[in-house]
There are 2 protein chains.
Amino acid sequence: MELQQNIKVAVDAIVFGYANNDLNVLLIKQKYGVLKNRWALVGGFVKDNETLISAVNRELQEETGIKVNYLEQLYTFGDDLDRDPRFRVISISYFALVNSTKFLIKADTDAEEAKWFNVNELPDLAFDHLLILKTAKERLQNKLTYQPIGFDLLPKEFLFSDLENLYCSILEKEIDRRNFRKKILSFGIVEETSKFGNKKNGRPAKLFKFNKLKYNKLHKEGFIFEINFA
Amino acid sequence: MELQQNIKVAVDAIVFGYANNDLNVLLIKQKYGVLKNRWALVGGFVKDNETLISAVNRELQEETGIKVNYLEQLYTFGDDLDRDPRFRVISISYFALVNSTKFLIKADTDAEEAKWFNVNELPDLAFDHLLILKTAKERLQNKLTYQPIGFDLLPKEFLFSDLENLYCSILEKEIDRRNFRKKILSFGIVEETSKFGNKKNGRPAKLFKFNKLKYNKLHKEGFIFEINFA
DNA sequence: ACAAAAGTGTTAATCTTACACCCATGT
DNA sequence: ACATGGGTGTAAGATTAACACTTTTGT
């Protein structure tokens, strides 16, 4: 039996947020060590007595203090033997979404700095983190069309125009405003509130909210969320 | 830095085949060791200097000698600390499809026996392999509807009725024969050959083949394969 | 002639797309 | 009064769903 093995197991999290009509990703920079002065995904080694998912949650807590809205396993990167120059490391990556109003990040510690970056204006990234990020972005684009995860990037109550812009900017597509609204409302999982947003210009717009319970119920009955526009 | 870690890394493959109108999965039984007399997925530990994907290919080769038609990473199982009673093991699982005409399996070695099982008549499985298999089956069902992977479970040339039965039996749904045929043919990626199949009964049926090159070309241009029937 | 599976078309209903004007507010 | 974004309906076209009889072969 192959008992001697020298492979380290790490987890990394790709944390997406949405603000100012743009998709952002959370990166950290360590002040010491190999990663000194290079931006990297949130992550670290898994402890012997810790599940993968709790390792991710621990790293998120320790390194950023952020509370995520959605978290799922993305992919395990282990086909590049030298992805970490120190030794063989495989990384189980996780995909996370946070509500843009919770954008507060733990104040910089002595050891680390955390910052949001526009996905289209990324700094140089450590290891193969650019590849991981690219994979995550593709997953986000795909999931957006068949699962109601866009709501996990928005505040509890949001403007329809924000939802629409989120779809346009992440999918990098033009969307017909009328058809989009009709489609979303036809699902019956987004509800009007009696409140109004506070944009500076133009006619005041109602705030809407996503009814997750109703979605879960419908989903169990076979309903499939789907947004697909030419 | 956490340099000491005691986690073993394994890969497992869920190999699906299709025969006699049923979905089958390839399992192995070791004659010695912990897995003695229990059926398990093909798999084993990853070597230090070996990529994950080559570990899977090596295990497939060593344990079954089978040539797969499709292989992709499925999920990494590592949230049950005791999934292996010996020590902490995480398993990166892979999802494979084989052409049913290549159903030949390496003759039993001294150490192992390999066998196909109907997915609905499974024996007791080792570790959390039943969970892994369930995850794989869900992936297969999902992918079948939006990627042309069903062809990887069929011989190069196949009867339309086999394709149809494959969809019905894996998706566990009734499908309208006429609409199904119309839909598939409308994509222009399945072509009639001039040969006929040799079923015993009824009117002889033409053999068809999947034009993968054409699919790849169309896919690049934005074509999306999709089969979705009520 | 009969059993068994293959092959084939039409229609109604639904869903998707394309498209433009008025509304409510702040300045 | 004008600038800014919010809110709304309709008609043509495309897609899907439902449905049954004829054809070819072997026995």
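None of these values were measured; they are calculated from a predicted model. Here is how names work: the chains are called A, B, and so on, in the same order as the sequence lines, proteins then strands, and each is numbered from 1.
Taken over five-pair windows at either terminus, the axes of the helix from C:dA1-D:dT27 to C:dT27-D:dA1 are inclined to one another by 10° (rounded to 10 degrees).
Applying the side-chain hydrogen bond (donor to acceptor under 3.5 Å, both in side chains) test to B:Ser93 and every residue at least two apart in sequence or in another chain returns nothing. Remark: B:Asp152 pairs with no residue by the side-chain hydrogen bond (donor to acceptor under 3.5 Å, both in side chains) rule, at least two apart or across chains. Every salt bridge (Lys or Arg N to Asp or Glu O under 4.0 Å) that B:Lys217 has, sequence neighbours left out, goes to B:Glu221. Checked against ring pair (Phe, Tyr, Trp, His ring centres under 6.0 Å), A:Tyr94 has no partners two or more places apart in sequence or in another chain. Among residues two or more places apart in sequence or in another chain, the salt bridge (Lys or Arg N to Asp or Glu O under 4.0 Å) test is passed with A:Glu62 by A:Arg58. A search for salt bridge (Lys or Arg N to Asp or Glu O under 4.0 Å) contacts involving B:Lys195 returns B:Glu157, not counting sequence neighbours. In this structure, B:Tyr167 has no side-chain hydrogen bond (donor to acceptor under 3.5 Å, both in side chains) partners at least two apart in sequence or on a different chain.
A donor N or O paired with an acceptor N or O is not found under 3.5 Å between the base of C:dA5 and the side-chain atoms of B:Arg177. Put simply, the side chain of B:Arg178 and the base of C:dA6 share no donor and acceptor less than 3.5 Å apart.
Annotation: proximity of residues 204-211 of chain B to DNA chain C (heavy atom, distance under 4.0 Å) is found for B:Pro204, B:Ala205, B:Lys206, numbered in ascending order. If you check residues 182-202 of chain A against DNA chain D, the residues with a heavy atom closer than 4.0 Å are A:Lys182, A:Asn201, A:Gly202, listed by number.
Within the 3.5 Å criterion, the main-chain N or O of B:Asp22 finds a donor-acceptor partner in the side chain of B:Asn24.
Rounded to a whole Å, the CG atom of A:Asp176 is 15 Å from the P atom of D:dG9. Atom CD1 in A:Ile224 sits about 14 Å away from atom P in C:dC15, given to the nearest Å.
For C:dA4, neither phosphate oxygen OP1 nor OP2 lies less than 4.0 angstrom from any side-chain nitrogen or oxygen of B:Arg203.
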Enumerate, atom names and distances included, each donor-acceptor pair closer than 3.5 Å involving a side-chain atom of residues 181-190 of chain B, sequence neighbours excluded.
unit_1: B:Lys182; atom_1: NZ; unit_2: B:Asn179; atom_2: OD1; d: 3.3
unit_1: B:Ser186; atom_1: OG; unit_2: B:Lys183; atom_2: O; d: 2.6

Counting only pairs under 3.5 Å, give me each side-chain donor-acceptor contact of residues 120-131 of chain A, with atom names and distances, residues two or more places apart or in other chains.
unit_1: A:Asp128; atom_1: OD1; unit_2: A:Arg83; atom_2: NE; d: 3.3
unit_1: A:Asp128; atom_1: OD1; unit_2: A:Arg83; atom_2: NH2; d: 3.0
unit_1: A:Asp128; atom_1: OD2; unit_2: A:Arg83; atom_2: NE; d: 2.7
unit_1: A:His129; atom_1: ND1; unit_2: A:Leu41; atom_2: N; d: 3.0

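Residue contacts for B:Phe160: at a heavy-atom cut-off of 4.0 Å it reaches no nucleic acid atom on any strand shown.
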